[in-house]
There are 2 protein chains.
Amino acid sequence: MSSNLFEYLPRIVSLFPSLADISEQDWKHSGIQVIETEPNHIIEEGQFLEYAILILEGTVRMYKISGGGREITLYRIHGGECCPLMTSSILGESEYEASACVETTGLVLAVPVDIFRDWTDRYRKFRQFIFKSFAKRIVVMSNLLDSINFKSIRGRISEHLVQMTKQAGNSNTLHITHDILAIELGTAREVISRTLKGLENEATIKLSRGKITIMNQIALESYIEA
Amino acid sequence: MSSNLFEYLPRIVSLFPSLADISEQDWKHSGIQVIETEPNHIIEEGQFLEYAILILEGTVRMYKISGGGREITLYRIHGGECCPLMTSSILGESEYEASACVETTGLVLAVPVDIFRDWTDRYRKFRQFIFKSFAKRIVVMSNLLDSINFKSIRGRISEHLVQMTKQAGNSNTLHITHDILAIELGTAREVISRTLKGLENEATIKLSRGKITIMNQIALESYIEA
DNA sequence: TAAGTTAGGTGACTTTGTCACGGTACTGCT
DNA sequence: AGCAGTACCGTGACAAAGTCACCTAACTTA
């Protein structure tokens with residue numbers, strides 16, 4: 001819990017330019033806090049929220065979990081973003097329909113829901129930022145839905161691996177377990193293992209414990225479906 | 001195309017109470033139109049939109065379509081609603097990621113995007129209405145995703161049938177083809193046929209051409225998964 | 001170095017999706 | 001009435017994906 005919100009203000013504003021207009025008065029509400037997050041802290045599905053969360057540092061993974069224990073990652077939110085599924089439950093006044101898990105230590109700005117609502121009313125830039133966040137996630141979710149329903153796992157895995165290499169600065173060695181991949185893509189670990197084995201047999205990738213090396217990126221990309 | 005928008009105003013406002021505040025001046029923009037929709041008119045994926053659409057009468061089905069021709073219904077919008085996936089592309093300034101199909105003759109209010117943006121800025125109630133629309137659809141989409149990824153088709157079909165009976169005033173005779181059901185649920189017609197056949201063999205339902213009769217609603221409901 | 005934990009492999013099976021047909025009921029036309 | 005064309009449904013054979021049970025290999029830690 002932050003001792004002094006105002007110390008963080010410059011950082012907050014540089015991450016969220018849309019908050020630049022907020023008056024000093026408005027920052028002085030007692031409920032607003034900067035909170036340090038611990039990894040693996042989980043916010044469960046179906047709760048009513050007291051705060052809107054804006055991420056300053058670190059990442060949060062939004063996911064769904066099934067009765068049978070299978071899991072799927074919906075999307076991640078990083079520094080400078082807010083979580084529309086949570087916001088949705090605030091502005092739509094309903095429970096929210098997913099779980100969130102903090103992945104790294106980090107910092108978040110917590111704004112009490114009534115103040116949040118007030119700000120979206122009174123501050124144009126902030127409001128537009130929230131609108132865009134919604135829009136972005138709706139698109140992401142709709143594409144995810146498309147992938148799940150229409151694409152082959154081979155294609156989806158390939159796509160995920162290729163994306164990962166980009167994030168890893170085009171290194172062709174990825175440090176990830178089959179288990180995690182399964183959770184990312186919403187399938188079973190065995191399915192991932194089998195499919196990866198298939199790719200290894202074609203010399204497209206090379207497997208070792210907790211590591212995947214891309215041997216033939218072109219081939220991998222060719223599996224990605226429209 | 002409407003000869004006189006102002007004739008429609010009382011109806012518009014009673015359907016969209018959030019539009020009650022809009023000033024007469026603001027209604028006088030030349031671009032705003034009431035348009036009659038023809039069934040099966042389709043708006044394809046990936047277009048930039050010139051108008052925000054508010055439905056006055058009739059329904060519009062939003063769906064995704066795959067390369068292989070399979071299709072899935074994301075949700076429907078009815079009188080008194082707006083389409084967040086379209087709105088999303090307006091406020092998020094991106095292409096929109098689904099197709100829309102008019103299902104019945106009806107009426108829509110078309111508001112040019114710049115006017116729409118202006119209204120969301122200046123009119124609080126309207127803005128909150130749009131926010132809630134977003135929130136609602138995000139929840140719907142996230143639940144759909146959950147169903148597709150985690151639930152059995154038997155469960156999904158059962159759920160859909162039970163829902164349909166409610167909409168049909170608890171009549172236990174549904175007029176629907178396997179083909180349509182497949183499109184609703186995003187699967188193949190054969191899968192639907194097989195599953196329904198299974199339910200018929202257990203005397204849970206009775207099949208005839210273009211018609212499904214529910215014989216044992218309790219059994220049907222028991223298949224619906226959490 | 002032994003024990004425990006995490007990661008990965010595999011075979012057998014079920015469910016779901018795909019492909020290729022074939023049959024049956026309706027519709028409209030002559 | 002007869003016929004062609006279309007929409008709807010059934011089905012078998014197969015492929016792809018998910019489930020279950022169990023195993024082995026590799027790291028970790030005491």
Side-chain angles (χ1 to χ4, degrees), chain A residues 40 64-72 144-161 173-202 205-213 223-225, chain B residues 40 64-72 144-161 173-202 205-213 223-225:
Chain A
N40 300 319
K64 278 262 183 192
I65 196 158
S66 80
R70 249 172 68 204
E71 209 173 293
I72 185 168
L144 178 57
L145 209 143
D146 192 277
S147 293
I148 292 172
N149 206 55
F150 298 133
K151 295 183 187 170
S152 70
I153 27 111
R154 170 170 279 222
R156 301 217 289 135
I157 291 177
S158 300
E159 185 165 3
H160 197 83
L161 294 181
T173 312
L174 303 174
H175 294 271
I176 191 168
T177 67
H178 301 185
D179 234 307
I180 302 291
L181 265 175
I183 287 176
E184 291 302 313
L185 300 180
T187 181
R189 202 252 323 151
E190 300 91 311
V191 174
I192 300 284
S193 291
R194 266 203 301 265
T195 309
L196 288 177
K197 208 67 193 157
L199 290 171
E200 184 174 43
N201 291 340
E202 302 170 357
I205 59 176
K206 196 164 172 336
L207 300 174
S208 43
R209 188 188 173 87
K211 203 172 78 178
I212 300 173
T213 312
Y223 292 129
I224 302 177
E225 297 155 46
Chain B
N40 299 321
K64 278 260 181 192
I65 195 158
S66 81
R70 248 172 70 205
E71 211 172 292
I72 184 167
L144 178 57
L145 210 144
D146 192 275
S147 293
I148 292 172
N149 206 55
F150 297 134
K151 295 184 185 169
S152 70
I153 27 114
R154 170 171 278 221
R156 300 216 290 137
I157 291 177
S158 300
E159 185 165 4
H160 196 84
L161 294 180
T173 312
L174 302 175
H175 294 271
I176 190 167
T177 68
H178 300 185
D179 233 308
I180 302 291
L181 265 175
I183 287 175
E184 291 302 314
L185 300 180
T187 181
R189 202 254 320 152
E190 299 92 312
V191 174
I192 300 284
S193 291
R194 263 203 306 262
T195 310
L196 288 177
K197 209 65 193 159
L199 289 171
E200 184 175 44
N201 291 339
E202 301 171 359
I205 61 176
K206 198 168 171 335
L207 299 174
S208 44
R209 189 189 171 85
K211 203 172 77 179
I212 300 173
T213 312
Y223 292 128
I224 302 177
E225 296 156 47

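By convention in this document, chain letters (A, B, ...) are assigned in the order of the sequence lines, proteins followed by strands, and residues within each chain are numbered from 1.
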List in chain and number order the residues that pass side chain to side chain donor-acceptor pair (under 3.5 Å) with H160(A), two or more places apart in sequence or in another chain; answer none if no residue qualifies.
-> none
Can a side chain N or O of K197(A) be found less than 4.0 Å away from OP1 or OP2 on dT10(C)?
-> no
Salt bridge (charged side-chain N to carboxylate O under 4.0 Å, His left out) pairs touching residues 187-200 of chain B, sequence neighbours excluded, are K197(B)-E200(B)
Set of salt bridge (charged side-chain N to carboxylate O under 4.0 Å, His left out) partners for R70(A), sequence neighbours left out = none
Quick one: N149(A) CG to dT18(C) C1', roughly how many Å, whole number?
-> 14 Å
Closest-nucleotide ordering on DNA chain C, the 5'-leading residue of R209(B) and L196(A) = L196(A)
Roughly, in whole Å, what's the span from CZ in R189(B) to C1' in dT16(C)?
-> 15 Å
If each of I176(A) and R156(B) is mapped to the nucleotide of DNA chain C with the nearest heavy atom, which maps nearer the 5' terminus, i.e. the 5' end?
-> I176(A)
For I183(A), side chain to side chain contact (heavy atoms under 4.5 Å, CB included) partners two or more places apart = R61(A), E71(A), T73(A)
Sorted by chain and residue number, the salt bridge (charged side-chain N to carboxylate O under 4.0 Å, His left out) partners of R154(B) (sequence neighbours excluded) come out as E202(B)
Nearest-Å distance, NZ (K211(B)) to C1' (dC26(C))?
-> 14 Å
Numerically ordered, the residues 177-188 of chain A set in heavy-atom contact under 4.0 Å with DNA chain C is T177(A), H178(A)
Anything under 4.0 Å to a heavy atom of chain B counts; send over the first and last such nucleotide of DNA chain D, read 5' to 3'.
-> dA7(D) to dA13(D)
How is T195(B) classified with respect to the nucleic acid when contacts are heavy atoms under 4.0 Å: base, sugar-phosphate, or nothing?
-> nothing
Length of the line joining I148(A):CD1 and dT16(C):C1', which is rounded to integer Å = 15 Å
Results of side chain to side chain donor-acceptor pair (under 3.5 Å) for S152(A) - residues two or more places apart only | E225(A)
Have a look at the helix from dT1(C)-dA30(D) to dT30(C)-dA1(D) and give the angle its two end axes make, five pairs each, rounded to 10 degrees.
-> 20°
Just call it for S66(A): base, sugar-phosphate, or nothing, with non-hydrogen atoms closer than 4.0 Å on any strand.
-> nothing
Which is true for R70(B) with a 4.0 Å heavy-atom rule: it touches a base, it touches only sugar-phosphate, or it touches nothing?
-> sugar-phosphate
